[in-house]
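Worth knowing before you read on, the calculation uses all heavy atoms, side chains too, and leaves out hydrogens, waters and symmetry mates. Here, residue 1 is the first one in the sequence, and each next residue gets the next number. Note that the structure is predicted; figures quoted are calculated from it, not measured.
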Amino acid sequence: MTDLISPDLAVPEPSDDDLAGQPYAYQRVELVEPDWTRIPGWKDVTAEEWRSVQWQRSHCVKNVKQLRDVMGDLLDERLYEDLTRDQAERATMSMLLPPQMLNTIVPNGASDYTEAFYADPVRRYMLPVFTDRRSDWPSHPHATRDSLHEHEMWATEGLTHRYPTKVLAEVLPTCPQYCGHCTRMDLVGNSTPVIEKLKFVAKPQTRLDDMLDYLRRTPGVRDVVVSGGDVANMPWPRLETFLTNLLEIENIRDIRLATKALMGMPQHWLSDDVRAGVERVAQLGRKRGVMIAMHTHVNAAQSVTPLVAEATKAMFEAGLRDVRNQGVLMRGVNDSVPQLLDLCFALLDGATITPYYFYMCDMIPFSEHWRVSVRDAQHLQHGILGYLPGFATPRIVCDVPYVGKRWVHQLSEYDEVRGISYWKKNYRTGIEQQDPEALNRTYEYYDPIDSLPAEGQEWWKQHAGTSLAEAEKRAAASREAAEAQKLLQIN
């Protein structure tokens with residue numbers, strides 16, 4: 001295994017002068033692939049097997065029993081029980097964790113493995129347990145299943161037209177890995193005891209054809225984010241055909257491929273057939289003058305390993321214009337300035353991935369333990385300025401319902417006691433073309449209630465109650481609106 005993880009260049013030790021006097025001390029850290037053989041279930045796995053995407057896919061952890069089979073006695077029974085209860089009572093996403101990702105949890109081992117596992121940032125968002133969730137406010141009263149109302153803005157099934165010149169193409173509803181905080185938990189993945197997932201109605205090819213037809217007759221759209229789900233779960237020939245057809249549409253000038261699998265399963269993007277396919281698409285894009293980039297989703301520095309760097313390099317060699325990271329800001333994961341800067345430098349120095357955005361965690365059910373307040377997000381944005389190159393200093397953004405991405409300092413008003421921020425926008429979404437007040441109206445976003453002062457928490461208790469009933473009622477209304485919109489499109 002030594003050849004796999006050894007760096008190409010030695011990293012010099014920082015001097016005392018380098019580390020003194022600054023709130024954050026930059027240190028170049030070499031990437032290391034954690035030793036998977038430390039885990040009982042993988043003690044005999046070879047480097048060749050580990051690099052195989054087929055092996056990675058077939059050994060994903062999908063339930064508590066499989067986690068127990070892999071981890072064995074490294075973890076105490078209480079953790080398995082905690083995880084089982086969360087899956088039954090709170091989880092909005094089913095469990096799906098590739099070996100590559102599981103191997104980055106407690107990457108250096110620990111004398112008390114269970115406590116280290118509980119505290120690990122990757123575990124906190126990929127394998128949430130019941131005791132992670134808040135007992136007082138597990139869901140915000142305004143939480144909804146489709147918190148960004150993307151389904152209401154479908155131009156065709158799965159094609160969200162929210163911004164004037166950009167669309168989001170949800171080409172499939174599955175991923176190689178399922179994040180606990182998934183903003184598209186209403187549609188993506190398997191149903192859980194808490195959430196019965198929506199399903200696409202049209203056949204997959206019909207949906208793709210409908211998307212292309214809409215883009216051909218909508219010349220104002222120039223930018224397509226190809227997502228889902230995760231494009232790594234679409235068979236490459238089908239994805240390549242879709243991308244090739246996109247490149248034939250004259251008005252399309254930017255294509256972005258969205259895949260967490262660049263980090264979660266880099267073996268996919270290192271496969272010979274995928275690399276060759278990306279090269280063909282990139283060559284066609286260059287010929288047409290279309291910029292094709294990849295967007296990935298890394299939330300913790302320890303997730304950036306030599307295999308992630310190798311896969312990123314392969315994408316650049318294939319001809320992609322850029323690889324960018326869109327992380328999610330979450331408590332217990334990356335909610336401090338050192339954690340964010342460590343992650344940004346690991347991406348930039350270690351894997352040549354551009355830190356691009358950190359989204360505030362969206363207001364989906366049972367996400368309150370992850371979400372941070374707008375004020376805390378503003379402090380974090382301030383804290384990371386000046387350390388990174390300007391082009392690689394990520395913006396922390398709030399994805400405001402019915403508005404879209406807004407830099408956290410762009411709010412119009414902010415009631416910090418009640419945790420309500422007010423926002424305006426400068427364009428109409430796809431469902432507001434005939435709304436004369438869309439650009440004058442203010443839109444609300446809500447901080448997690450437990451982050452508010454006592455006065456604010458008391459206000460919410462009086463106006464919203466502490467039970468889950470209100471949150472579930474709003475979630476049901478969101479689902480009904482999405483289903484009604486789909487029926488309108490079909491008819």
Side-chain angles (χ1 to χ4, degrees), residues 1-11 28-62 66-75 96-110 113 116-117 120-123 126-127 175-177 230 232-233 236 259-279 294 296-318 323 346-347 349-353:
M1 288 176 52
T2 304
D3 291 339
L4 176 65
I5 64 175
S6 59
D8 294 331
L9 296 173
V11 179
R28 175 101 182 257
V29 178
E30 68 179 69
L31 302 185
V32 176
E33 204 72 38
D35 181 5
W36 57 84
T37 64
R38 77 189 186 284
I39 297 176
W42 298 331
K43 62 183 177 63
D44 297 321
V45 175
T46 66
E48 182 180 5
E49 288 173 316
W50 192 261
R51 289 182 66 92
S52 164
V53 64
Q54 289 80 11
W55 187 92
Q56 289 281 328
R57 288 188 185 275
S58 63
H59 289 82
C60 286
V61 171
K62 302 177 182 178
Q66 291 179 354
L67 181 65
R68 193 195 306 268
D69 290 342
V70 171
M71 302 301 297
D73 294 337
L74 278 179
L75 301 177
L96 183 61
L97 201 63
Q100 176 72 25
M101 284 199 72
L102 183 54
N103 190 42
T104 64
I105 300 177
V106 193
N108 300 317
Y113 212 99
F117 202 83
D120 189 272
V122 176
R123 195 287 305 167
M126 288 302 301
L127 286 175
C175 300
Q177 65 284 303
D230 189 317
N233 256 26
W236 179 261
T259 173
K260 187 184 181 75
L262 185 70
M263 175 273 284
M265 194 181 286
Q267 294 85 350
H268 170 81
W269 297 103
L270 286 168
S271 301
D272 290 342
D273 58 333
V274 173
R275 292 170 70 165
V278 172
E279 185 171 3
M294 179 173 284
T296 193
H297 176 186
V298 188
N299 293 322
Q302 68 205 60
S303 298
V304 186
T305 75
L307 275 172
V308 175
E310 186 180 345
T312 305
K313 181 180 179 182
M315 294 300 96
F316 281 116
E317 290 176 345
V323 179
L347 292 164
D349 293 346
T352 327
I353 297 173

(message) Do Arg51 and Glu310 have side chains that approach each other closer than 4.5 Å (heavy atoms only, starting at C-beta)?
(response) yes
(message) Between Gln66 and His59, is there a side-chain heavy-atom distance shorter than 4.5 Å?
(response) no
(request) Search all heavy atoms of Leu270 against all heavy atoms of Ala314 and return the closest pair with its distance. (result) CD2-CB, 4.0 Å
(request) Verify the distance criterion only: is there a donor paired with an acceptor across the side chains of Glu48 and Thr46 at less than 3.5 Å? (result) no
(message) Minimum heavy-atom separation for Arg275 and Ala318, please, with both atom names.
(response) O-CB, 4.0 Å
(request) Return yes if some donor-acceptor pair links the side-chain N/O of Arg123 with the main-chain N/O of Ile105 below 3.5 Å, else return no. (result) no
(request) For Trp36 and Val45, indicate whether the former's side chain and the latter's backbone hold a donor-acceptor pair under 3.5 Å. (result) yes
Result block: side-chain N/O donor-acceptor pairs under 3.5 angstrom for residues 302-309, not counting sequence neighbours:
from   : atom 1 : to     : atom 2 : distance (Å)
Gln302 : NE2    : Thr104 : O      : 2.7
Gln302 : NE2    : Asp120 : OD1    : 3.1
Gln302 : NE2    : Asp120 : OD2    : 2.8
Thr305 : OG1    : Glu33  : OE1    : 2.9
Thr305 : OG1    : Glu33  : OE2    : 3.0
Thr305 : OG1    : Gln100 : NE2    : 3.3
Thr305 : OG1    : Leu307 : N      : 3.4

(request) Kindly indicate whether the side chain of Leu74, heavy atoms from C-beta on, has any atom under 4.5 Å from the side chain of Pro40. (result) yes
(message) For Lys260, is there any backbone N or O sitting under 3.5 Å from a side-chain donor or acceptor partner on Asp230?
(response) yes
(request) Could you verify whether a donor N or O on one side chain and an acceptor N or O on the other, from Thr259 and Trp269, lie under 3.5 Å apart? (result) yes
(message) Looking at Arg28, is its backbone amide N or carbonyl O close enough to the side chain of Asp349 to form a donor-acceptor pair, meaning the two atoms are under 3.5 Å apart?
(response) no
(request) Check whether any side-chain heavy atom of Leu67 sits under 4.5 Å from a side-chain heavy atom of Leu97, and report yes or no. (result) no
(request) Taking the side chain as every heavy atom from C-beta outward, state whether Leu75 and Arg68 have any pair of such atoms under 4.5 Å apart. (result) no
(message) Is it true that Arg57 and Asn233 share a donor-acceptor pair across their side chains at a distance under 3.5 Å?
(response) yes
(message) Are Gln267 and Pro98 packed together at the side-chain level, in the sense that at least one heavy-atom pair is separated by less than 4.5 angstrom?
(response) no
(request) May I ask you to decide if Val274's main-chain N or O and Ser271's side chain share a donor-acceptor pair within less than 3.5 Å? (result) no
